[in-house]
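Scroll down for the structure; my scribbles are underneath it.
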Amino acid sequence: MEYDFRAIEAKWQRTWKDTDAYKVTEDTSRPKFYVLDMFPYPSGAGLHVGHPLGYIASDVFARYKRHQGYNVLHPMGYDSFGLPAEQYAIQTGQHPAITTEQNINRYREQLEQLGFCYDWSREVRTSDPSYYKWTQWIFGELFESWYDTQAQKARPIADLAAAFADNGNYNVHAACDEGWWQGLSFPHFGEHFDGTFTDTDWASMSETEQQEVLMCFRIAYLADSEVNWCPALGTVLANDEVKDGLSERGGHPVVKKTMRQWMMRITAYADRLLTSLDDLDWTDSVKEAQRHWIGRSEGASVRFAVATADGQPDPSGAEVEVFTTRPDTLHGVSFMVLAPEHDLVAGLTTDAQRAEVEAYVEAAGMKSERDRQGDKSISGVFTGGHVVHPVTGALVPVWIADYVLAGYGTGAIMAVPAGDERDWRFASHFSLPIPAIFDGVDTTEAACTDKNATLCHSGEWDGMRAGDAIPRALDWVEAQGCGTRKVNYRIRDAVFSRQRYWGEPFPIMYEGGIAKRITDATVTLPKVDAYLPTEDGEPPLARAAREDWPVFRGDAMETNTMPGWAGSSWYFLRYMDPTNENAFCDRSKSDYWGQVDLYVGGAEHTTGHLLYSRFWTKFLCDRGHIGFDEPFKFMINQGMILGRSNFVYRIQGTNTFVTANKRKEQPTQRLHVDINLVENDKLNLDGFRAWRPEFANAEFILDDDGTYTCGHEVEKMSKSKYNVQTPDDLVERYGADTLRCYEMFLGPLTQHKPWDTQGISGVHNFLRKIQRLYTQAAEADLPSSSSEDALRVVHKAIAKVSDDLDRHAFNTVVSALMIAVNDLASLQGGLGSDALQPLAILLSPYAPHLAEELWATAGGSGSVLDASWPQADDAFLVEDQITYPISFNGKVRFQLALAASLSASEVEAAVRKDDRTDAQLAGKDIRKIIVVPGRIVNVVM
RNA sequence: GCGGGUGUGGUGAAAUUGGUAGACACGCCAGACUUAGGAUCUGGUGCUUCGGCGUGGGGGUUCGAGUCCCUCCACCCGCACCA
């Protein structure tokens with residue numbers, strides 16, 4: 001009987017739909033399991049075979065867990081705000097919602113034909129108002145919270161206002177920017193204000209002033225931040241869109257512009273984001289990326305007094321603060337370097353140096369961040385100013401250079417050329433002194449960064465190992481009052497505003513210049529006449545008049561939108577309670593479903609996503625909205641499926657194409673050819689001529705057997721390389737079950753691997769073969785008990801498949817099933833329902849449609865979906881005889897079948913007795929015999 | 001430069017704790033059935049000078065190493081002047 005996959009798959013997909021087979025609800029009587037895929041951005045191109053790889057793996061696992069009795073949550077949705085739909089809208093005027101809807105429909109169709117066990121009733125779309133209503137709500141909560149650094153958690157902003165009213169900010173430990181009060185100009189905050197205020201001060205402030213103070217402490221806050229502004233294009237550009245101060249597209253001038261932006265105080269969570277990584281079951285590479293992004297380093301903040309012209313500490317108390325991880329090298333400081341943007345540059349610069357310094361600062365300002373980072377050449381300018389060395393009292397010249405970044409640490413460094421490679425290069429380039437501070441190490445040719453070096457010329461630290469001197473130096477610096485211990489982070493607060501249309505509007509209105517949260521309605525996107533920013537640089541939403549806004553409050557609405565990561569930072573929670581209109585997710589539901597037990601997605605571009613969703617999860621936990629503070633307990637990153645491109649070779653200047661085997665005979669041009677015109681690297685000549693008009697009269701130089709062999713190469717799948725394989729074609733030809741099994745069979749999930757359509761036939765044959773087994777058994781009236789040999793095969797498979805799935809080895813499961821089927825086929829009968837029913841269950845995570853069919857054939861009742869996962873019976877796994885490989889000095893020479901019950905010494909005796917042993921010894925003595933019971937025997941001669 | 005990873009037949013790969021390297025497939029070769037099917041079945045298929053040699057190269061530990069240690073090389077990914 002034919003394997004009619006089309007009929008089978010259509011039938012079961014209909015049945016599942018009709019019976020709501022994949023609908024899940026909370027059920028406290030059963031353990032839960034949450035399997036999540038990284039939801040896709042629905043692009044216009046649809047899915048290619050690479051996309052479903054992770055979805056198939058998670059689907060297999062979800063089904064496996066269901067068989068094991070878990071209540072499995074396995075949802076799917078769309079990250080549907082994004083740039084491509086907006087760009088399309090700018091070009092065509094079509095509303096991005098329409099484009100998005102079309103793309104989603106296409107995705108849904110493609111996903112559904114693959115037979116995934118998603119509970120579609122839980123689908124979410126980040127661009128849907130019923131979803132982004134709650135993204136806005138979370139933003140509102142962030143806006144109405146501050147971070148208590150003592151309690152190490154977020155708290156309501158009302159608590160902070162109450163504390164201020166009660167006792168000023170004396171005992172308040174709130175995360176905020178250093179010098180948060182700078183930029184605020186209230187009567188109470190005079191020139192010498194140090195950031196501390198009293199309850200009386202607070203009470204004397206106006207409403208507006210109080211709000212301005214509170215804004216400095218909110219977790220979601222407004223602040224001035226520098227962006228790349230391109231007036232000609234009327235838009236803000238990302239750093240990588242700017243080259244040499246000009247826009248990459250069009251070559252228009254770009255200027256740095258300070259804009260008021262929404263920010264997220266993720267820095268408050270830096271330490272928790274770092275430490276809780278240890279408990280996550282993620283790959284080291286992903287965790288390392290998180291650690292690097294957070295970039296924690298321990299050291300000291302050291303203050304150098306600014307020197308007056310006569311070399312005395314400036315009486316105004318002006319100081320340059322630097323961050324260093326190597327306070328032990330303090331005696332090696334021979335100069336100081338400030339970032340060109342540093343506040344004190346102007347003040348330190350002497351008149352003689354002013355022109356040169358200003359030119360350098362201006363040039364640095366013109367360069368984009370990216371160019372500055374890409375340029376490794378050494379440049380810098382002496383300011384003419386000096387600071388006083390806190391230990392030696394010596395004058396230290398101050399330079400500016402763009403290798404010092406304004407955005408990291410304090411934007412200033414103490415340069416120790418003997419102990420730092422960059423400082424060393426700078427010193428030798430400008431012929432600055434390189435004081436020797438390491439005993440017996442010549443630092444005239446290179447810096448010494450080894451912490452095992454011994455210090456010298458370093459006062460009381462002489463003779464100490466540098467690494468050991470660090471804590472001493474920290475104590476010393478603190479005792480002297482010229483510095484403090486400090487932990488520095490690389491991570492910056494995240495800019496949360498985008499000047500885009502197709503994103504979440506902020507639930508924020510302005511009243512008297514004060515930003516206020518809108519709580520009485522969902523702010524939906526207004527109608528606009530174009531999706532571009534306005535000419536004076538306002539975001540697209542600023543095009544909307546008051547009446548264009550479905551919800552308008554206050555004097556003005558916030559016109560920025562949220563960045564792409566807003567909606568994806570919490571979507572895993574919405575799946576738990578997708579239609580709740582009163583909460584983002586009911587606490588009882590998030591308590592039940594809890595953390596994601598298995599998160600599957602690509603490792604590319606996930607560092608930010610993971611960081612932000614971890615941040616929001618911790619915040620929601622702090623505020624009591626959920627009961628856990630890490631979203632994804634365990635994560636697998638699937639590898640990319642690469643395309644296999646085919647090439648034809650055109651002889652230069654002709655319309656003649658030469659087969660790959662003969663192309664070396666003349667100069668040729670290599671052209672991508674559509675893989676659909678190639679079978680087994682042989683070109684379909686007629687198809688090629690019909691492919692494009694210019695090839696209609698193509699001539700060919702063929703192989704001697706009359707065929708045209710194409711060249712091939714493994715590359716990323718892309719339309720322009722004509723190597724895209726869609727799942728649709730393959731489902732049509734082989735069925736979803738075959739495609740599912742094949743994608744898993746291809747190789748380890750986490751590895752990148754090339755797609756090879758040829759191999760799919762092997763998996764397809766396997767499914768046909770297994771169906772034949774069942775039909776034959778059914779024709780033999782399906783006995784209830786099978787032969788012992790058959791049961792051995794099945795129980796071996798049960799053990800292997802269960803074990804492999806438990807360690808997420810998805811590829812070897814298919815092999816194990818193939819082996820079982822091959823073995824059963826060669827038994828020629830003896831198959832009954834006690835073998836065939838468990839086998840159908842083993843198959844069902846991979847080939848759910850066929851498994852349903854086989855389950856029914858094998859006399860199973862109901863759907864296979866809820867059949868309990870079979871247990872391997874040890875009685876069928878133990879062998880009574882073991883064929884030992886007998887090796888001599890590690891080389892296997894013959895096999896010896898022995899009873900499995902024999903002890904090691906009995907095995908040894910049997911080996912000694914065997915005639916073949918004597919032959920191998922050839923007169924030599926046996927020094928030792930190693931017996932590994934059940935495994936191997938090694939005779940040492 | 002730093003961090004992470006990978007390296008095994010013609011190809012995708014397997015080998016879970018150190019115990020017969022190459023399972024399972026693709027491809028290829030030969031044959032059968034048939035005559036044109038994207039069909040099915042059977043057998044073979046790491047290399048070999050038939051002694052052996054083989055998991056990127058070299059060294060080590062071990063009775064025994066793809067697996068552990070040292071070292072070097074190649075490739076891929078991420079970060080990249082982070083003080």
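Reminder, nothing fancy here: chain letters follow the sequence lines and each chain counts from 1.
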For A:T410, what residues pass the side-chain hydrogen bond (donor to acceptor under 3.5 Å, both in side chains) criterion, not counting sequence neighbours?
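So A:T410 forms no side-chain hydrogen bond (donor to acceptor under 3.5 Å, both in side chains) with any residue.
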Side chain of [X] only, heavy atoms from C-beta on: which candidate in [options] is closest?
X      : options             : value
A:R772 : B:U20, B:C41, B:C81 : B:C41
A:I936 : B:C81, B:U20, B:A83 : B:U20
A:D803 : B:C63, B:U16, B:G3  : B:U16
A:R807 : B:G52, B:A15, B:C82 : B:A15
A:Y408 : B:G4, B:C63, B:C82  : B:C82
A:T325 : B:A83, B:G19, B:U16 : B:A83
A:Y403 : B:C81, B:A13, B:G12 : B:C81

Using a strict 4.0 Å threshold on nitrogen-to-oxygen distance, state whether A:R291 and A:D278 make a salt bridge.
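Counted as a salt bridge, because a side-chain N and a carboxylate O are separated by less than 4.0 Å.
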Answer yes when A:K800 and A:D804 have at least one side-chain N-carboxylate O distance shorter than 4.0 Å, and no when they do not.
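Salt bridge flag = yes for A:D804 with A:K800.
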Inter-nucleotide [atom1] distance ([N], [M]), Å rounded:
N     : M     : atom1 : answer
B:G44 : B:G9  : C1'   : 15 Å
B:C53 : B:G59 : P     : 15 Å
B:C41 : B:C33 : C1'   : 8 Å
B:G56 : B:U67 : P     : 8 Å
B:C50 : B:G5  : P     : 45 Å
B:G57 : B:G66 : C1'   : 15 Å
B:G51 : B:G64 : C1'   : 22 Å
B:G3  : B:U8  : P     : 25 Å

Does a donor on one side chain sit under 3.5 Å from an acceptor on the other, for A:E321 and A:S301?
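Checked: A:E321/A:S301 side chains pair up, N/O donor to acceptor below 3.5 Å.
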Whole-Å distance separating the [atom1] atom of [X] from the [atom2] atom of [N]:
X      : N     : atom1 : atom2 : answer
A:Q828 : B:C41 : CD    : C1'   : 12 Å
A:F888 : B:U20 : CZ    : P     : 16 Å
A:R296 : B:A83 : CZ    : P     : 13 Å
A:R422 : B:A83 : CZ    : P     : 7 Å
A:W755 : B:A13 : CH2   : P     : 13 Å
A:W293 : B:G3  : CH2   : C1'   : 15 Å
A:R326 : B:C82 : CZ    : C1'   : 15 Å
A:L805 : B:U16 : CG    : C1'   : 14 Å

Do nucleotides 21-36 of chain B as a string where each nucleotide becomes B, S or -: B if the base has a protein heavy atom under 4.0 Å, S if just the sugar-phosphate does, - if no protein is that close.
--BBSSSS--------
[X] near the nucleic acid: base, sugar-phosphate alone, or nothing, with a heavy-atom cut-off under 4.0 Å?
X      : value
A:N811 : sugar-phosphate
A:N938 : base
A:R733 : base
A:E421 : nothing
A:R768 : sugar-phosphate

List for me each residue that meets salt bridge (charged side-chain N to carboxylate O under 4.0 Å, His left out) alongside A:R490, sequence neighbours excluded, and say none if there are none.
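Salt bridge (charged side-chain N to carboxylate O under 4.0 Å, His left out) check on A:R490 returns nothing, list empty.
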Any pair with a residue in residues 407-429 of chain A that passes salt bridge (charged side-chain N to carboxylate O under 4.0 Å, His left out), sequence neighbours left out, goes on the list, sorted by first then second residue, please.
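Found A:D420-A:R422.
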Quick check: closest heavy atoms across A:V931 and A:A904, and the distance to 0.1 Å?
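Here A:V931 and A:A904 meet closest at CG2-O, 3.8 Å.
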Which side chain to side chain donor-acceptor pair (under 3.5 Å) pairs, counting each pair once, include a residue from residues 758-769 of chain A, with sequence neighbours left out?
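Every side chain to side chain donor-acceptor pair (under 3.5 Å) pair that includes a residue of residues 758-769 of chain A, provided the two are not neighbours, is A:N680-A:Q758, A:T738-A:H764, A:K769-A:N822.
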For RNA chain B, what dot-bracket results from Watson-Crick or G-U pairs at under 3.5 Å, with [ ] for crossers and | for inter-strand partners?
(((((((..(((......[....)))((((((.......))))))((....))..(((((..]....))))))))))))....
Return the 5'-most residue of the pair A:V940, A:H752 with respect to RNA chain B, ranking by each residue's nearest nucleotide.
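Of the two residues, A:H752 wins.
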With nearest nucleotide decided by heavy atoms, which residue, A:A289 or A:I930, maps closer to the 5′ end of RNA chain B?
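Nearest nucleotide further toward 5': that of A:I930.
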A:R807 atom CZ: more than 12 heavy-atom contacts under 6.0 Å:
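Result for CZ/A:R807: enclosed.
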Are more than 12 heavy atoms, taken from residues, nucleotides or ligands other than A:R916, located less than 6.0 Å from that residue's CZ atom?
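More than 12 within 6.0 Å, yes.
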Syn or anti for B:G52, taking syn as within 90° of 0?
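Base orientation: anti.
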Under a 90° cut-off about 0 for the syn range, is B:G9 syn or anti?
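B:G9: syn glycosidic orientation.
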On a plain distance test, is the side chain of A:K800 in donor-acceptor contact with the base of B:U16 below 3.5 Å?
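Donor-acceptor pair under 3.5 Å: yes.
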Ring centroid separation for A:F745 and A:F766, is it under 6.0 angstrom?
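So the answer is no for these two rings.
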Whether A:Q290 side chain and A:T607 backbone form a donor-acceptor pair below 3.5 Å
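Yes.
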